[in-house]
Protein chains: 2
Amino acid sequence: MKPMTIGRLSKAAGVKVTTIRYYESIGLMGEPDRSESGQRLYGNDATQRLSFIRHARDLGFPMDAVRSLIQLQTEPNHDCSAVDSIARQQLADVRKRLNQLEALEAELKRMIASCEGGKVDNCRVMAALNDHNECLNDQHERIHAM
Amino acid sequence: MKPMTIGRLSKAAGVKVTTIRYYESIGLMGEPDRSESGQRLYGNDATQRLSFIRHARDLGFPMDAVRSLIQLQTEPNHDCSAVDSIARQQLADVRKRLNQLEALEAELKRMIASCEGGKVDNCRVMAALNDHNECLNDQHERIHAM
DNA sequence: CTTGCCTCTATAGTCACTGTAGACTGTAGA
DNA sequence: TCTACAGTCTACAGTGACTATAGAGGCAAG
């Protein structure tokens, strides 16, 4: 259980050194002890927290949500429903993105299927890109994040 | 068919004024004529191109792909297969993201379903976030973009 | 002529990191 | 002990695809 340097922590948790320092800088990670020469020294709790963050990020939780979850972790007696609702929110977001992506998939498939080769000039894919009319039912919302 | 100002173009194509100027700055849009006082003046071709860009972006095509597609548009006699392959690539990307999102959905669903209320301390959702082991089969790739 | 919106340029901010520069530290082999 | 060389430090710039802001000037209606 000796303290480890940032490089070891990085490997242990699968998070890049620079990213760990970044997490520290935005207050997600808390300042670690330092060696005499100023190198960061971490205990096991750091590995845990870092893995927690990474896992949450892998699941697509936005930074704010991760921050909240970490905060909640420090209040073990608090009711679990807050955690639940963050997770449900995330699930809802994921489902929304899924729907959007499915719509995209359908349209792309249609576009590609309609192409019969030939010149760019009368390419159906190009035509489809030009005419927004015959498309996606007013899905005006841009798709971003993940 | 009079030339229009950037504001009108913005409304016509559904792209923000600042975004139009941004597209110009990165060479996606080409420099328009200017009025005596220096205001940008656009013709119908601009509306078309801008709609094209917007539609492609809505479909999730990355900027580079959009650039290529625009380039191809200027070579109407070129073979259409390049267009096709860009679209297929995009479809493949969309499908990949779909798969990743489906995996996320499954895990989130599982996490949430396992929660039985109570305190944060023994919340299953938290537990799931802590233990990366019982999770996503090595889907180490981070999910980004869209 | 004034009001109020539109447009201009240039610059900084966003998110979640990643990369770089230049200096210092720690360790393993010769 | 000397020498490599990998690891670490800080601070700052860069990424993509925009968005926001500041401060100045333009244009049309009332």
Side-chain angles (χ1 to χ4, degrees), chain A residues 2-29 31-42 46 50 53-70 90 93 97 140-146, chain B residues 2-29 31-42 46 50 53-70 90 93 97 140-146:
Chain A
K2 299 164 189 173
M4 52 185 155
T5 63
I6 198 169
R8 295 197 186 288
L9 174 60
S10 165
K11 270 177 196 151
V15 176
K16 290 189 183 163
V17 168
T18 42
T19 306
I20 296 172
R21 286 198 279 249
Y22 168 69
Y23 286 164
E24 181 184 327
S25 81
I26 61 168
L28 260 191
M29 273 298 288
E31 302 187 1
D33 293 340
R34 299 279 185 143
S35 75
E36 271 190 31
S37 62
Q39 300 199 349
R40 292 168 177 79
L41 296 176
Y42 297 94
L50 202 45
I53 295 173
R54 187 174 133 66
H55 190 192
R57 297 288 299 136
D58 280 353
L59 284 167
F61 284 89
M63 230 47 177
D64 274 3
V66 176
R67 210 180 280 276
S68 302
L69 288 170
I70 286 176
Q90 176 57 15
D93 284 0
R97 285 203 294 272
H140 257 340
E141 212 161 340
R142 214 61 76 84
I143 304 177
H144 49 247
M146 300 201 58
Chain B
K2 303 163 188 174
M4 54 186 153
T5 62
I6 198 170
R8 294 195 188 288
L9 174 61
S10 165
K11 271 178 197 152
V15 176
K16 290 189 182 163
V17 168
T18 41
T19 306
I20 297 172
R21 286 197 280 249
Y22 168 68
Y23 286 163
E24 182 185 326
S25 81
I26 62 169
L28 259 192
M29 274 298 290
E31 303 187 0
D33 293 340
R34 299 282 186 141
S35 74
E36 272 191 27
S37 61
Q39 300 199 353
R40 291 167 178 80
L41 295 177
Y42 297 93
L50 202 46
I53 296 172
R54 187 174 135 66
H55 191 192
R57 297 287 299 134
D58 281 353
L59 283 167
F61 284 89
M63 230 48 179
D64 275 2
V66 175
R67 212 181 280 276
S68 303
L69 288 170
I70 286 176
Q90 176 57 16
D93 284 0
R97 285 204 294 275
H140 257 338
E141 212 162 340
R142 213 63 74 85
I143 305 176
H144 47 248
M146 301 200 59

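This one's a predicted model, so the numbers in the text were calculated from it and none came from an experiment.
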(Q) Any base atoms under 4.0 Å from B:T5, or only sugar-phosphate, or nothing? Heavy atoms, all strands. (A) sugar-phosphate
(Q) In whole Å, I'd like the distance from the CE atom of A:M29 to the C1' atom of C:dC17. (A) 16 Å
Q) Between C:dC17, C:dC8, D:dT10, which nucleotide gets closest to the side-chain atoms of A:R40? A) D:dT10
Q) Is it true that B:R40 and B:E24 have a side-chain N and a carboxylate O under 4.0 angstrom from each other? A) yes
**Q.** A:R67 vs C:dC15: side-chain N/O to OP1/OP2 distance below 4.0 Å
**A.** no
Q. For B:R54 and D:dC18, what is the distance between atoms CZ and C1' respectively, to the nearest whole Å?
A. 14 Å
Q | Reported OH-to-OG1 distance for the pair A:Y23 and A:T18, which is rounded to 0.5 angstrom | A | 10.0 Å
(Q) Strictly below 4.0 Å, N to O, side chains only: are A:R54 and A:D58 in salt-bridge contact? (A) yes
Q.
Does A:R21 reach a base, just sugar-phosphate, or nothing at all? Heavy atoms under 4.0 Å.
A. base
Are any protein N/O atoms closer than 3.5 Å to N/O atoms in nucleotides 18-24 of chain C? If there are, list each pair with its distance.
| from | atom 1 | to | atom 2 | distance (Å) |
| --- | --- | --- | --- | --- |
| C:dT18 | OP2 | A:T19 | OG1 | 2.5 |

Q: Using the criterion of both pairing distances under 3.5 Å for Watson-Crick and G-U wobble pairs, give all stems of 3 or more consecutive pairs involving DNA chain C.
A: C:1-30 with D:1-30
Q) If you measure from CD1 on A:I20 to CG on A:L28, what distance do you get to the nearest 0.5 Å? A) 12.5 Å
